[in-house]
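Sequential numbering from 1 along the given sequence is applied to the chain's residues.
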Amino acid sequence: MKDIQDIVKDLENVRGSGANKIFTMYLNTDLSDPDQQGGEWKIHLKNGLNNFEHYLKEGNNEEELANYKKIKKKVKKFMDEIERNVMKGVIIVASADEEVWFAERVQMRLENEFEWQESPVLDQLNTLSEKYPRTGIILVQQDQVKLIDTNLNQVEDTAEYELDVEEDTWKVKQGPRHGRAKQGMGSSNIQRDLFNDRYEANQYRWYKSIAPKLDKQAKDREWKRIFIVGEAPASKTLETEMNKDVEDVILKNMLDHGESKILEKVLD
């Protein structure tokens with residue numbers, strides 16, 4: 001997904017004209033919400049879409065009604081396609097001439113809102129862009145570092161580094177860790193023994209050496225916020241050695257947790 005702050009800037013410049021107005025929808029689809037246990041979002045969607053149609057019919061504006069019906073059809077099609085995975089909320093901004101079509105599921109609860117105006121209604125989207133900009137979460141656990149690249153409270157990408165103790169360097173981790181076949185079955189144990197022997201003496205230097213790689217990742221991915229998650233001293237050392245500002249250090253080992261759980265802990 002495009003950066004949420006860039007999306008908001010683009011939508012701020014959108015203007016409808018005459019019968020070609022802009023449709024804005026925020027729909028709460030969070031099934032953990034006590035008010036959503038029976039899939040009530042479908043009723044809110046149906047009522048929200050039908051209300052505008054009734055209003056436009058009463059106004060006898062055939063061109064505007066035809067434009068609205070085009071959008072309504074497209075919105076219903078999109079919602080049918082994502083029905084099995086609606087996440088916690090859905091945002092749609094659309095125009096009948098198809099110059100504007102922004103439709104996204106989000107992992108944040110929204111307030112139900114349907115608008116048909118000359119310009120998009122962006123209050124809720126602005127709030128989300130301020131609270132959930134492009135964010136990097138750095139998880140550290142001794143000889144492993146994992147990056148989670150998030151945008152609008154969703155995982156966009158991940159990357160992992162693993163310390164090669166024999167070569168004394170951090171390498172991008174490729175696939176599951178099974179040890180190196182050419183070194184035989186005991187290679188993982190050898191690596192672990194080497195690591196344990198050298199950890200106390202070399203930990204500061206090791207974390208200092210990966211800090212520039214993490215700074216580059218933060219720059220390339222355009223992170224607006226950075227969190228480091230891991231036990232001390234590793235996490236504190238990384239915070240000190242990175243040039244990029246770190247918003248918070250969470251002293252908890254979460255590298256093996258699911259990504260959704262990590263986002264809940266760090267961003268909610």
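One hydrophobic cluster, built from ILVMFWY side chains closer than 4.5 Å, holds both Phe52 and Trp101.
Within the 3.5 Å criterion, the main-chain N or O of Glu81 finds no donor-acceptor partner in the side chain of Arg84. Distance alone, capped at 3.5 Å, places no donor-acceptor pair between the Asn61 side chain and the Lys57 backbone. A donor-acceptor pair under 3.5 Å links the side-chain atoms of Thr29 to the main chain of Met87, judged by distance alone. Within the 3.5 Å criterion, the main-chain N or O of Asn85 finds a donor-acceptor partner in the side chain of Arg105. No donor-acceptor pair closer than 3.5 Å links the side chain of Thr169 to the backbone N or O of Glu167. With Asn112 contributing its side chain and Asn28 its backbone, the two residues share a donor-acceptor pair below 3.5 Å. A donor-acceptor distance shorter than 3.5 angstrom exists from the side chain of Asn50 to the backbone of Lys46, with no hydrogens or angles considered. A donor-acceptor pair is defined here as one N or O able to donate and one able to accept, closer than 3.5 Å; no such pair exists between the side chain of Asp215 and the backbone of Met242. Side chain of Trp170 to main chain of Trp206: a donor-acceptor pair is present (N/O by atom type, distance under 3.5 Å, no hydrogens or angles). A donor-acceptor pair is defined here as one N or O able to donate and one able to accept, closer than 3.5 Å; such a pair exists between the side chain of Tyr68 and the backbone of Leu49.
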Item to complete: Go through Asp220 and Lys216 one step at a time and tell me if the salt bridge (charged side-chain N to carboxylate O under 4.0 Å, His left out) criterion holds.
Response: CA-CA 6 Å; Asp220 292 347; Lys216 186 175 188 307; 2.7 Å; yes
Practice prompt. Show your reasoning for whether side-chain contact (heavy atoms from CB on, under 4.5 Å) applies to Leu147 and Val145.
Written response: CA-CA 7 Å; Leu147 312 182; Val145 173; 4.2 Å; yes
Practice prompt. Could you please spell out the steps behind the salt bridge (charged side-chain N to carboxylate O under 4.0 Å, His left out) verdict for Arg134 and Asp149?
Written response: CA-CA 7 Å; Arg134 190 170 289 279; Asp149 183 22; 3.6 Å; yes
Worksheet item: Please walk me through it: do Met79 and Leu27 pass side-chain contact (heavy atoms from CB on, under 4.5 Å)?
Response: CA-CA 11 Å; Met79 295 303 300; Leu27 185 65; 3.8 Å; yes
Discussion item. Before you tell me yes or no, could you show the steps for Gln142 and Tyr207 under side-chain hydrogen bond (donor to acceptor under 3.5 Å, both in side chains), namely the whole-Å CA-CA distance, both residues' side-chain angles and the distance that decides it to 0.1 Å?
Written reply: CA-CA 9 Å; Gln142 294 193 325; Tyr207 297 133; over 6 Å; no
Fill in: Steps toward salt bridge (charged side-chain N to carboxylate O under 4.0 Å, His left out) verdict (Arg205, Asp168)
CA-CA 10 Å; Arg205 180 172 59 82; Asp168 202 35; 2.7 Å; yes
Item to complete: Kindly determine whether Glu98 and Lys74 satisfy side-chain contact (heavy atoms from CB on, under 4.5 Å), including the steps that lead there.
Response: CA-CA 10 Å; Glu98 299 188 349; Lys74 196 170 181 180; 4.2 Å; yes
Practice prompt. Could you walk me through whether Glu259 and Lys146 pass salt bridge (charged side-chain N to carboxylate O under 4.0 Å, His left out), step by step?
Written response: CA-CA 11 Å; Glu259 288 157 6; Lys146 178 178 180 179; 3.0 Å; yes
Fill in: Stepwise side-chain contact (heavy atoms from CB on, under 4.5 Å) test for Leu128 and Met108
CA-CA 8 Å; Leu128 295 182; Met108 295 80 71; 3.7 Å; yes
Worksheet item: Do Gln124 and Glu111 pass the side-chain hydrogen bond (donor to acceptor under 3.5 Å, both in side chains) test, and can you show the C-alpha distance, the side-chain angles, and the key distance before you say yes or no?
Response: CA-CA 8 Å; Gln124 291 195 61; Glu111 296 295 326; over 6 Å; no
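The one candidate from Val229, Ile210, Ile148, Ile226 that meets the side chain to side chain contact (heavy atoms under 4.5 Å, CB included) condition with Ile138 is Ile226. Exactly one residue among Ile250, Leu251, Val246 makes a side chain to side chain contact (heavy atoms under 4.5 Å, CB included) with Ser235. That residue is Leu251.
With salt bridges taken as basic N to acidic carboxylate O contacts below 4.0 Å, one links Lys21 and Glu64. Between Lys72 and Glu53, at least one side-chain N (NZ, or NE/NH1/NH2) sits under 4.0 Å from a carboxylate O, which counts as a salt bridge. Using a 4.0 Å cut-off between charged side-chain N and carboxylate O, Arg225 and Asp248 make no salt bridge.
In terms of heavy-atom proximity, Ile92 sits nearest to Ala103 at CG1-CB, 3.9 Å. A pairwise comparison of heavy atoms in Glu104 and Phe78 identifies N-CZ, 4.4 Å as the closest pair. In plain terms, the two heavy atoms of Ala19 and Asn67 that are nearest each other are O-ND2, 2.9 Å.
No side-chain donor from either of Tyr132 and Gln107 sits under 3.5 Å from a side-chain acceptor of the other.
Considering only heavy atoms from C-beta on, Phe114 stays 4.5 Å or farther from Asn47 through its side chain. Between Lys265 and Met254 there is a side-chain heavy-atom pair separated by less than 4.5 Å. The closest side-chain heavy-atom distance from Ile91 to Leu125 is below 4.5 Å. Between Lys42 and Glu83 there is a side-chain heavy-atom pair separated by less than 4.5 Å.
Rounded to the nearest 0.5 angstrom, Glu130 CD and Ile4 CD1 are separated by 11.0 Å. Considering NZ of Lys213 and NZ of Lys171, their distance stands at 10.5 Å, rounded to 0.5 Å. Rounded to the nearest 0.5 angstrom, Glu115 CD and Thr24 OG1 are separated by 6.5 Å. With rounding to the nearest 0.5 angstrom, the CG atom of Leu65 is 11.0 Å from the NE2 atom of His54.
Counting non-hydrogen atoms of other residues, nucleotides and ligands closer than 6.0 Å to CD of Gln117 gives a total above 12. Residue-environment remark: CD (Glu222) stays at or below the threshold of 12 foreign heavy atoms within 6.0 Å.
Phe23 and Trp116 have tilted rings, their planes meeting at an angle from 30° to 60° on a 0 to 90° scale.
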